[in-house]
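Single-structure report; data block below.
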Amino acid sequence: MDKNKTFLIVGLGLLGGKYAQVLSQKGYRVTGITHSQSTLDYALEHAYICEGRNENFDDLVQNADYIIFGLYPTVLLEWVKQYGHLVRPGTLITDVSGVKRGVVEPVQQMLPEGVEFIASHPMAGRETSSVEHAAEVNFAPANFIITPTEKNTSEAIQWAKELAGVLGFHHICTLTVQEHDRMIGYVSQLCHAIAVSLMCASDNTELAKYTGDSFRDLTRIARINDKMWAELFLWNKDNLISEIDMFSDALATMRQKLVDDDREGLEKMFRLSTERRKAFDKK
């Protein structure tokens with residue numbers, strides 16, 4: 001990527017802030033737009049961006065060569081609808097959104113001719129949020145997923161891959177928009193749903209005094225950004241409901257084996273889970 005070109009980060013939250021931090025540290029010119037003055041001040045003070053505003057930012061949009069949206073899906077669509085006409089032809093755009101259906105196609109349709117939106121998803125979120133925690137994010141072990149459509153060029157897809165490499169991702173892949181949302185319903189959203197349900201199943205505040213690592217590990221992600229995750233769940237609810245049903249069936253199977261004193265059946269499930277989990281431990 002050309003270091004003479006300018007990146008504009010729209011939305012300096014956890015991931016948008018991390019993008020800004022890494023790109024600036026590697027010598028790229030990075031500007032930013034955010035609604036919060038305190039976020040803007042933090043990003044400027046820590047040199048995540050060289051220039052930024054929370055209003056009167058038309059020139060920042062017009063002068064950007066690359067734009068990265070660090071926004072919730074609903075806000076992203078509203079922003080493009082209101083300000084998309086300012087983006088000049090030749091600009092490449094990507095995002096960090098955790099859902100793609102309902103986002104990618106409308107954004108591609110609303111942007112001016114000659115502007116290309118190549119959607120992507122850095123799967124590196126944390127239970128914390130805001131630019132103040134951006135430095136804690138580690139991209140290296142995380143997956144970076146690119147979700148091209150028939151409207152994307154090979155050049156834009158290659159740019160997204162190069163961007164992921166510059167950011168420090170070691171695992172980069174491509175999926176269709178539909179494949180992405182099915183996958184994310186299982187490996188991310190279902191996990192958050194289970195963690196939240198564990199914490200909400202009963203008043204277990206006293207457990208903090210004597211619980212072990214298993215409960216801590218399972219419920220780490222239950223400390224959750226309520227507004228963002230409620231939106232992500234609802235945008236992908238068909239996939240998530242399907243995954244919840246599948247998980248409920250598996251849990252019901254285990255329950256029945258307990259009812260039946262089926263030790264052999266339990267051990268078979270444990271062996272299967274152990275074997276499948278090994279895939280995540282391969283170097």
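Below, each value reflects all heavy atoms present in this structure, side chains not excepted, and no hydrogens, waters or symmetry copies.
- Listed by first and then second residue, the salt bridge (charged side-chain N to carboxylate O under 4.0 Å, His left out) pairs involving residues 134-162 are Arg126-Glu136 (not counting sequence neighbours).
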Tell me which donor-acceptor pairs under 3.5 Å the side chains of residues 165-180 have, and how far apart each pair is, sequence neighbours excluded?
from	atom 1	to	atom 2	distance (Å)
Thr176	OG1	Glu179	N	3.0
Thr176	OG1	Glu179	OE1	3.4
Glu179	OE1	Thr176	N	2.9
His180	NE2	His121	ND1	2.8

task: Report the C-alpha separation of Gln82 and Glu78 in whole Å, then their side-chain angles, then the decisive distance to 0.1 Å, and conclude whether the side-chain contact (heavy atoms from CB on, under 4.5 Å) test is met.
output: CA-CA 6 Å; Gln82 187 170 356; Glu78 292 173 352; over 6 Å; no
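- Residue pairs meeting the salt bridge (charged side-chain N to carboxylate O under 4.0 Å, His left out) criterion with at least one member in residues 79-90, sequence neighbours excluded, are Asp65-Arg88.
- Looking only at distances, no side-chain donor or acceptor of Ser97 sits under 3.5 Å from a matching main-chain atom of Pro73.
- Between His46 and Tyr42, the two ring planes are parallel [angle under 30°; tilted spans 30° to 60°].
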Kindly list each side-chain donor-acceptor pair under 3.5 angstrom involving residues 187-201, sequence neighbours excluded, with atom names and distances?
from	atom 1	to	atom 2	distance (Å)
Gln189	OE1	Asn236	ND2	3.0
Gln189	NE2	Leu232	O	3.2
His192	ND1	Ser188	O	2.8
Ser197	OG	Ala193	O	2.7

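- Under the 4.5 Å side-chain criterion, counting only non-hydrogen atoms from C-beta, Ile67 is in contact with Thr91.
- Hydrophobic clustering keeps Val104 apart from Leu234 (ILVMFWY residues linked when any side-chain heavy atoms are closer than 4.5 Å, directly or through intermediates).
- For residues 230-251, the salt bridge (charged side-chain N to carboxylate O under 4.0 Å, His left out) pairs, not counting sequence neighbours, are Arg101-Asp238.
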query: Run the side-chain contact (heavy atoms from CB on, under 4.5 Å) check on Tyr83 and Phe57 step by step: do they pass?
result: CA-CA 10 Å; Tyr83 302 110; Phe57 46 69; 3.6 Å; yes
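- The residues Arg263 and Glu267 are annotated as salt-bridged, a charged nitrogen and a carboxylate oxygen being separated by less than 4.0 angstrom.
- Scored by the salt bridge (Lys or Arg N to Asp or Glu O under 4.0 Å) test, Glu51 finds Arg29, Arg53 as partners (sequence neighbours excluded).
- Remark: Phe117 engages no residue in a ring pair (Phe, Tyr, Trp, His ring centres under 6.0 Å) (not counting sequence neighbours).
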message: Could you go through Ile146 and Phe144, starting from their C-alpha distance and side-chain angles, then the distance that decides it, and tell me whether this counts as side-chain contact (heavy atoms from CB on, under 4.5 Å)?
response: CA-CA 7 Å; Ile146 304 167; Phe144 188 93; 3.6 Å; yes
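- Every residue two or more places apart in sequence or in another chain was checked for a ring pair (Phe, Tyr, Trp, His ring centres under 6.0 Å) with Phe270, and none qualifies.
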message: Test side-chain contact (heavy atoms from CB on, under 4.5 Å) on Ile49 and Leu40; report intermediate values, then the result.
response: CA-CA 9 Å; Ile49 58 175; Leu40 193 60; 3.9 Å; yes
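- In this structure the side chain of Val137 reaches within 4.5 angstrom of the side chain of Leu14, judged on heavy atoms.
- Partners of Asp58 according to the salt bridge (Lys or Arg N to Asp or Glu O under 4.0 Å) rule, which considers only residues two or more places apart in sequence or in another chain, do not exist here.
- If you chain together hydrophobic residues whose side chains sit under 4.5 Å apart, Phe233 and Ile241 never meet in one group.
- Annotation: salt bridge (Lys or Arg N to Asp or Glu O under 4.0 Å) contacts of Lys257 (sequence neighbours excluded): Asp262.
- Listed by chain and residue number, Tyr66 satisfy the ring pair (Phe, Tyr, Trp, His ring centres under 6.0 Å) test with Trp159 (two or more places apart in sequence, or in another chain).
- Side-chain atoms of Thr34 and Thr39 form no donor-acceptor pair, as typed in the model, at a separation below 3.5 Å.
- A donor-acceptor contact under 3.5 angstrom links the side chains of Asn225 and Tyr72, judged on distance only.
- Between the side chains of Thr149 and Glu105, no donor N or O sits under 3.5 Å from an acceptor N or O.
- For Asp2, the salt bridge (Lys or Arg N to Asp or Glu O under 4.0 Å) criterion is met by no residue, not counting sequence neighbours.
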